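Here the structure is laid out as structure tokens; the discussion comes afterwards.
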Amino acid sequence: MALRLYNTLTRRKEDFVPIKDGEVGIYACGVTVYDTCHIGHARSAINFDVITRYLRYRGYRVNYVKNFTDVDDKIIARANREGVEFRKISERYIAEHDRDMGQLGVEPPDVTPRATEHIPGMIGLIDRLIGNGLAYAVPGGDVYFSVKNFRGYGKLSGRNLDEMMSGARIAPGEKKKDPLDFALWKASKEGEPWWDSPWGKGRPGWHIECSVMSTHFLGETFDIHGGGEDLIFPHHENEIAQSEGASGKPFAKYWLHNGFIKVNHEKMSKSLGNFITIRDILKIHHPEVVRFFVLQGHYRSPLDFSEEALNEARFAMNRLYEALKKIRDLVPAGTAPAVGEAPLPEKERELLARVRDLPERFREAMDDDFNTARALGYLFEVVRQVNALVTGGPEASPPALFVLGEAERVLRETGGVLGILTEDPNVYFEKDRIREAQKRGLQIDEIEALIGERLRARKEKDWKRADEIRDGLAAKGVVLKDSRTGTVWTVEKPVQG
RNA sequence: GGCGGCAUAGCCAAGUGGCCAAGGCAGCGGUCUGCAAAACCGUUAUUCACCGGUUCGAAUCCGGUUGCCGCCUCCA
């Protein structure tokens, strides 16, 4: 079975055929580092993280490049506002970005180039475009790309030049020959950072950096180019024009674009001011809960953010970890009896077959344009097998333990590709309790003291006192679960509930 | 105005031509439990916005209608 992915360029799902057998080059547009990252950035990063993890899981050697735009108008504006050098701003937010993404469990890309490290490459590319008659310098030192001279402009975003003409306009002060043309190089104004160039002191336009960095690390033609869907036009369209205009070769083979996170049915964005930062969301949710929230929808679909949606993701993750905990309680790490395929009782044999089936079904879902939502559904089916095995009958039998060990293995294996189920379940729930208690201002010692008192009351069959304590805790959202091995607690009610 | 996308149960969300329409949350009945919670078993859309068409057969393809969203300006 082939991996199929939706290519924005052709508007179809296509079989993925890498340029070099067994190898994949991916370039994803990163962030402009002028502010703290929000969960829209998190979505994009998590999606491409899972894509690269899955490609590796499938046996490809992946080279994943994600850039930082570390010089642009907004960074300069912020630096001026704070009265510092622009690098101070970019360094600060690169560090923040790396920390936020690290906490989300996003594996660092293989290469994370910065625009300012590739100025000579940009100058070289612009020079080449001028030589090819696709770019021109104007008095004053700006250089523009001549859109009309590049055949095929609009093929990614599905528009033609006439349509675009109607909306295009020349901003005051610009000297371009045609409203559609875009800046490759901007002459620097007073107080702006600059680099020497054949056209005078200036700085790069936005699009040129990605053409240079992607091809520098991945070659003139590479496999996958990605980013948020808002980048399709003009950014990616312009990248194609610059890159193909210079090399005369196809640029990226497959274009992948992720959908947006919305708040109240509106796009989450800086300009609307309706964004939630990664740091804030991680104060109230486990990183894997955030990942689950993102991955429960398809990467191309819009995703509505809400506190309820995050809470549902938390419940779902709890259910997954609950299953791992049950296994761990019965089968401490590495102690599953090695009964192998030996004549298992029918029930266990059946369950084993279904458990072992998970990686294949997971792969079938992920092969279909990285359908993580469907893949997660399959994980829950194994959870149900586990629960059934633990609940029904003499669960301590070696065959049952063996099946449980296998279930843990496949859950960890597939979860690992998604970047979830990476924790020890006890650690996960401990963190969950601490975080939830903190959110509500509850004292953990107090809760545990009350549970201790209730245990003594139960021993004396003082049900009235025991229930009183339990109800009192329940009123605060603390739910107790009694079992043979003791009483555990979780916080279940919503904050304002 | 131009281009594109989406509309599946109370909510979230898979499914894109043919076995009973995944999965999560919520609900209901039962088992378990001192009583609960959790878990398990059973149950909850004869139907996929609406109208027409193609087909032996459509949630899935085609046309239209309605509603929502995105891009066309910086934006993941």
Side-chain angles (χ1 to χ4, degrees), chain A residues 8 11 13 28-32 34-35 37-48 66 69 72-74 77 154 157-160 162-169 171 206 226-235 237 257-262 265-272 275 292-293 296-298 300-304 306 308-309 311-320 322-323 325-326 361 365 368 371-381 383-384 386-392 458 461-464 466-467 470-471 474 478-483 487-490 492:
Chain A
T8 307
R11 289 173 196 74
K13 273 188 203 172
C29 288
V31 300
T32 301
Y34 71 98
D35 205 350
C37 287
H38 57 68
I39 58 177
H41 299 111
R43 180 182 198 187
S44 196
I46 290 168
N47 284 147
F48 284 100
K66 176 179 160 177
T69 298
D72 99 323
D73 291 351
K74 287 181 180 170
S157 53
R159 0 180 143 216
N160 60 54
D162 297 335
E163 283 163 9
M164 287 185 282
M165 279 306 287
S166 55
R169 61 186 55 175
W206 173 35
E229 65 180 359
D230 55 343
L231 297 180
I232 295 170
F233 187 90
H235 185 55
E237 196 68 71
H257 292 98
N258 66 275
F260 286 117
I261 290 194
K262 303 199 294 177
H265 307 290
E266 263 188 337
K267 174 181 171 179
M268 176 183 291
S269 74
K270 292 275 172 69
S271 40
L272 289 171
F275 60 92
F292 188 95
F293 165 69
Q296 88 193 129
H298 185 90
R300 281 190 283 118
S301 303
L303 187 59
D304 254 303
S306 69
E308 303 91 88
N311 262 315
E312 288 198 0
R314 171 174 166 251
F315 280 123
M317 279 311 302
N318 283 177
R319 186 168 159 85
L320 289 169
E322 203 73 61
K325 180 168 162 49
K326 281 174 194 157
R361 300 213 289 161
D368 184 12
N371 195 329
T372 52
R374 195 158 81 211
L376 283 168
Y378 295 152
L379 262 65
F380 282 100
E381 283 170 18
V383 166
R384 212 170 321 107
V386 168
N387 287 335
L389 207 46
V390 171
T391 301
R458 290 185 73 210
K461 298 216 190 298
D462 182 357
W463 307 125
K464 193 172 163 243
D467 290 352
R470 188 175 64 201
D471 293 346
V478 176
V479 178
L480 305 188
K481 299 173 190 175
D482 297 326
S483 73
T487 297
V488 296
W489 63 277
T490 62
E492 305 233 319

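Bear in mind that the values here come from a model prediction, so they are computed numbers and not experimental data. A note on names: the letters A, B, ... follow the listed sequences, proteins ahead of strands, and every chain is numbered from 1. Below, all heavy atoms of this structure are taken into account, side chains as well, without hydrogens, waters or symmetry copies.
Within the shown strands, rG2(B) is the pairing partner of rC71(B) under the Watson-Crick or G-U definition, both distances less than 3.5 Å. Pairing partner, rA76(B): none, since no Watson-Crick or wobble contact has both distances short of 3.5 Å. Searching all strands for a Watson-Crick or G-U wobble partner of rU55(B) with both distances below 3.5 Å returns nothing. Under the Watson-Crick or G-U wobble criterion, with both distances below 3.5 Å, rC32(B) is left unpaired in every strand shown. For rU46(B), there is no paired base (Watson-Crick or G-U wobble, both distances below 3.5 Å). Across all strands shown, nothing is found opposite rC20(B) as a Watson-Crick or G-U wobble partner with both distances under 3.5 Å.
Nearest to the side chain of F315(A), among rG23(B), rC25(B), rG2(B), sits rC25(B). Side-chain proximity of R319(A) to the nucleotides rA76(B), rA38(B), rC25(B) is greatest for rC25(B). Of all nucleotides listed (rG2(B), rA37(B), rC40(B)), rA37(B) comes nearest to the side chain of K481(A). Nearest to the side-chain atoms of R470(A) among the listed nucleotides rA36(B), rA76(B), rG24(B) stands rA36(B). Distances were taken from every side-chain heavy atom of E381(A) (C-beta onward) to each of rG24(B), rA22(B), rC69(B); the shortest belongs to rA22(B). In this structure, of rC71(B), rA76(B), rC35(B), it is rA76(B) that holds the atom nearest to the side chain of H41(A). Set against rC74(B), rA36(B), rC71(B), the side chain of K74(A) has rC74(B) as its closest nucleotide.
As rounded to the nearest Å, rA21(B) and rU60(B) have C1' atoms that lie 11 Å from one another. To the nearest whole angstrom, the two P atoms, one in rA49(B) and one in rG10(B), are 14 Å apart. With P as the reference atom, rA36(B) and rG30(B) are 11 Å apart, rounded to whole Å. A gap of 44 Å separates the P atoms of rU65(B) and rC28(B), to the nearest Å. Distance check on atom P: rG63(B) versus rU54(B) gives 15 Å, rounded to whole Å. Nucleotides rC56(B) and rA38(B) are separated by 50 Å at their C1' atoms, to the nearest Å. Here, rC32(B) and rG17(B) have their P atoms 47 Å apart, quoted to the whole Å. Between the P atoms of rC62(B) and rC11(B), the separation comes to 28 Å (whole Å).
Straight-line distance from the CG atom of D467(A) to the C1' atom of rU33(B): 12 Å, rounded to whole Å. Taking atom NE2 on H235(A) and atom C1' on rC71(B), their separation rounds to 15 Å, with Å as the unit. Atom CZ in F292(A) sits roughly 6 Å away from atom C1' in rG24(B) (whole-Å rounding). One interatomic measurement links the two molecules: NZ of K267(A) to P of rC6(B), which rounds to 18 Å at whole-angstrom precision. Going from atom CZ of R300(A) over to atom C1' of rA7(B) covers 16 Å, rounded to whole Å. If you take CG of L480(A) and P of rA39(B), they are 15 Å apart, rounded to a whole angstrom. A straight line from CG of D482(A) to C1' of rC32(B) spans 13 Å, rounded to a whole angstrom. Note: CG (D471(A)) to C1' (rC35(B)) measures 10 Å, nearest angstrom.
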For nucleotides 10-18 of chain B, which of its nitrogen or oxygen atoms have a protein nitrogen or oxygen under 3.5 Å away, and what is each distance?
{"unit_1": "rA14(B)", "atom_1": "OP1", "unit_2": "H298(A)", "atom_2": "N", "d": "2.9"}
{"unit_1": "rA14(B)", "atom_1": "O3'", "unit_2": "N371(A)", "atom_2": "ND2", "d": "2.8"}
{"unit_1": "rG15(B)", "atom_1": "OP1", "unit_2": "N371(A)", "atom_2": "ND2", "d": "2.5"}

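Taking only side-chain nitrogens and oxygens, R458(A) never comes nearer than 4.0 Å to OP1 or OP2 of rC35(B). Put simply, R361(A) has no side-chain N or O that comes within less than 4.0 Å of OP1 or OP2 on rG23(B). Look at N387(A) and you'll find a side-chain N or O under 4.0 angstrom from OP1 or OP2 of rC40(B). At the phosphate of rG5(B), neither OP1 nor OP2 sits under 4.0 Å from any side-chain N or O atom of R11(A).
A stacked arrangement is assigned to W463(A) and the six-membered base ring of rG34(B), with a centre-to-centre distance below 5.5 Å and an interplanar angle below 30°.
Here the side chains of F260(A) and M268(A) are not in contact, with every heavy-atom distance at 4.5 Å or above. Using a 4.5 Å heavy-atom cutoff, the side chains of W463(A) and K461(A) are in contact. Looking only at side-chain heavy atoms (C-beta outward), I261(A) and H38(A) stay at 4.5 Å or farther from each other.
For E492(A) (side chain) and V479(A) (main-chain N/O), no donor-acceptor pair under 3.5 Å exists by modelled atom type. Remark: the backbone N or O of R361(A) is not paired with any side-chain donor or acceptor of R374(A) at under 3.5 angstrom.
Annotation: salt bridge (charged side-chain N to carboxylate O under 4.0 Å, His left out) contacts of E322(A) (sequence neighbours excluded): K481(A). Residues passing the ring-ring contact (aromatic ring centres under 6.0 Å, His included) test with H298(A), sequence neighbours excluded: none.
A residue-by-residue look at E229(A) and S44(A) shows that E229(A) has its nearest nucleotide of RNA chain B further toward the 5' end. Between G377(A) and I39(A), the one whose closest nucleotide on RNA chain B sits nearer the 5' end is G377(A).
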*asked:* Under the criterion salt bridge (Lys or Arg N to Asp or Glu O under 4.0 Å), I'd like the reasoning laid out for K13(A) against D368(A): C-alpha separation, chi angles, the key distance, then a yes or no.
replied: CA-CA 9 Å; K13(A) 273 188 203 172; D368(A) 184 12; 2.8 Å; yes

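Within the nucleic acid shown, G30(A) comes within 4.0 Å of sugar-phosphate atoms alone, with no base atom in reach, counting heavy atoms only. Among the protein residues, L231(A) comes within range of the sugar-phosphate backbone only, with heavy atoms under 4.0 Å from sugar or phosphate atoms but none that close to a base. At the heavy-atom level, Y378(A) lies nowhere under 4.0 Å from the strands shown. Within the nucleic acid shown, I232(A) has no heavy atom closer than 4.0 Å to any nucleic acid atom.
From T32(A), atom OG1 reaches atom NZ of K74(A) across 7.5 Å, with rounding to the nearest 0.5 Å. F293(A) CZ to E312(A) CD: the interatomic distance, rounded to the nearest 0.5 Å, is 10.5 Å.
Using a 4.0 Å cut-off between charged nitrogen and carboxylate oxygen, E237(A) and R159(A) do not count as a salt-bridge pair.
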